[in-house]
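Convention: sequence-line order gives letters A, B, ...; per-chain numbering from 1.
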2 protein chains.
Amino acid sequence: MRSYGQYCSVAKALDVIGARWNLLIVRELVLRGPLRYTDLMAGLPGIATNLLSERLHDLEQAGVVTREAAPPPIATTVFDLTERGRQLDQIVRALGEWGVPLMVEPARDDEFRSDWLSFPVSLFFTREAPAGPPVAIELRTGDHPMTIETADGAVRTRSGAADEPDLVLTGDPQPILGLLSGYLEPAEARDRGVQVEGDLDILDRLRPQAAVTAR
Amino acid sequence: MRSYGQYCSVAKALDVIGARWNLLIVRELVLRGPLRYTDLMAGLPGIATNLLSERLHDLEQAGVVTREAAPPPIATTVFDLTERGRQLDQIVRALGEWGVPLMVEPARDDEFRSDWLSFPVSLFFTREAPAGPPVAIELRTGDHPMTIETADGAVRTRSGAADEPDLVLTGDPQPILGLLSGYLEPAEARDRGVQVEGDLDILDRLRPQAAVTAR
DNA sequence: CGGCATCCTCTTTGATACTG
DNA sequence: CAGTATCAAAGAGGATGCCG
């Protein structure tokens with residue numbers, strides 16, 4: 001991408017990570033950790049293979065991404081963020097939070113990957129785990145299950161199923177997010193095809209006090 | 001710009017503000033407040049006039065920017081951020097902070113506007129004003145003077161000259177930033193053409209304790 | 001002068017095919 | 001698996017024209 005040619009730190013940052021796809025590549029590495037080329041392709045539906053290749057070289061050059069030939073038994077190239085790249089976490093996260101209101105509109109033909117749920121979920125729920133017994137919520141939507149759980153005093157989202165979920169939500173991502181955010185009533189979510197197994201009241205325990213009182 | 005077509009809040013955010021120039025338009029409005037078309041052109045060296053026009057319409061459509069026909073005596077259109085646009089402040093700021101290390105390399109042919117100093121300066125200095133007498137530092141570089149001062153218990157940067165500056169720095173932006181950050185010694189800054197009037201020790205008072213002890 | 005619209009050229013993107 | 005090669009279409013940049 002052509003430089004903005006401005007001696008401004010915002011413009012300089014955008015010179016490095018402002019080109020199309022760059023921040024989404026960073027998103028994948030932030031959410032999923034070190035990845036192979038094909039994993040990146042799978043997490044970035046819509047990108048052309050030549051562009052991913054070119055962008056990875058650019059980001060490597062800029063000191064944002066590392067490319068490492070993993071030893072056997074992996075025997076493939078693995079891409080990861082550098083320390084400097086990891087500092088982009090806050091920018092991707094801020095974008096993810098700003099974009100949450102844009103998820104209310106139905107998805108239509110949008111592609112979806114389960115890992116992308118992390119940003120909205122972290123916005124809806126408290127950072128710190130509430131007092132009381134631990135919580136585990138399993139979301140069955142997208143390409144693989146995701147679990148929201150309390151651990152070490154924090155609320156975290158991770159890939160994979162829960163061992164003993166208190167609540168399992170199955171369906172399309174949009175109504176599930178509506179339910180998690182409190183934007184949709186349980187009855188509406190069910191109308192939109194969400195299957196609920198377990199205790200929905202548990203969601204209130206994870207929400208910031210302000211949101212709870214607002215209901 | 002073509003949509004990423006991903007049901008992800010980061011991708012949705014980038015669908016709205018990811019196109020080239022968009023975040024720099026927001027930067028101008030964040031830093032300088034409501035602006036006329038020509039003010040925006042002046043603050044965005046390198047943008048083509050058709051692109052600025054197009055982007056302003058896009059951002060207006062997206063609910064990020066408002067366009068208001070100001071009443072006489074201004075008698076012109078004034079562009080400003082909506083509430084939603086103002087929330088982009090944190091993203092622009094995060095980008096500005098991430099980009100500061102990229103300002104170390106000399107600017108060469110880069111364009112420069114004084115207002116852009118705000119982001120680096122806010123990173124170098126404490127947010128809260130230190131105990132003791134108030135501080136005012138005037139920076140004479142770029143198209144107009146800027147003042148860093150303590151007011152209401154905070155350290156702020158604003159456009160314009162200081163009434164009774166404790167320190168005045170005149171010269172190119174790069175060595176001035178080096179001096180403010182502590183990256184350049186005063187002697188080096190002088191070698192690079194910075195003229196110093198007043199008390200340089202005042203900078204230490206504004207820096208986070210960690211940085212002070214590190215020297 | 002402020003706020004564009006048009007025209008033209010050049011670069012970047014996206015889709016697809018192909019390769020070590 | 002991890003790319004490179006090719007090519008049509010879209011977008012960016014620059015110059016200039018228009019209109020209140």
Within residues 5-44 of chain A, find the residues that approach DNA chain D with a heavy atom at under 4.0 Å, and present them sorted by residue number.
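Hits under 4.0 Å, by residue number: A:Arg36, A:Tyr37, A:Thr38.
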Is there a residue in residues 52-61 of chain B whose heavy atoms reach under 4.0 Å of DNA chain D, and which residues are they?
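Only B:Arg55 qualify.
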A:Arg84 backbone acceptor or donor facing B:Trp98 side chain under 3.5 Å
yes
Judged by atom type as modelled, is there a donor-acceptor pair below 3.5 Å linking the side chain of A:Asp15 to the main-chain atoms of A:Ser3?
no
Classify A:Thr77 by what it touches in the nucleic acid, base, sugar-phosphate, or nothing, heavy-atom distance under 4.0 Å.
sugar-phosphate
Could you tell me if [Y] and [X] have a donor-acceptor pair between their side chains, going purely by distance under 3.5 Å?
{"X": "B:His144", "Y": "B:Arg113", "answer": "no"}
{"X": "A:Trp116", "Y": "A:Glu111", "answer": "no"}
{"X": "B:Ser114", "Y": "B:Asp143", "answer": "yes"}
{"X": "B:Tyr37", "Y": "B:Thr76", "answer": "no"}
{"X": "B:Gln174", "Y": "B:Arg192", "answer": "yes"}

Taking only side-chain nitrogens and oxygens of B:Thr76, does any of them come within less than 4.0 Å of OP1 or OP2 of C:dC1?
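No, outside the criterion.
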Can you find an N or O donor on one side and an acceptor on the other, under 3.5 Å apart, linking the side chain of A:Asn50 with the base of D:dT6?
yes
Round to a whole Å and report the spacing from CG of B:Leu51 to C1' of C:dC10.
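In whole Å, C:dC10 C1' and B:Leu51 CG are 14 Å from each other.
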Please report the distance, rounded to the nearest Å, between CD1 in B:Ile47 and P in D:dA12.
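Taking CD1 of B:Ile47 and P of D:dA12, I get 10 Å after rounding.
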To the nearest 0.5 Å, how far apart are OH in B:Tyr7 and OG1 in A:Thr141?
9.5 Å
When A:Arg2 and B:Arg2 are each assigned the nearest nucleotide of DNA chain C, the 5'-most assignment goes to A:Arg2
So if I take every side-chain heavy atom of A:Phe79 and compare against C:dC4, D:dG3, D:dG14, which nucleotide ends up nearest?
D:dG3
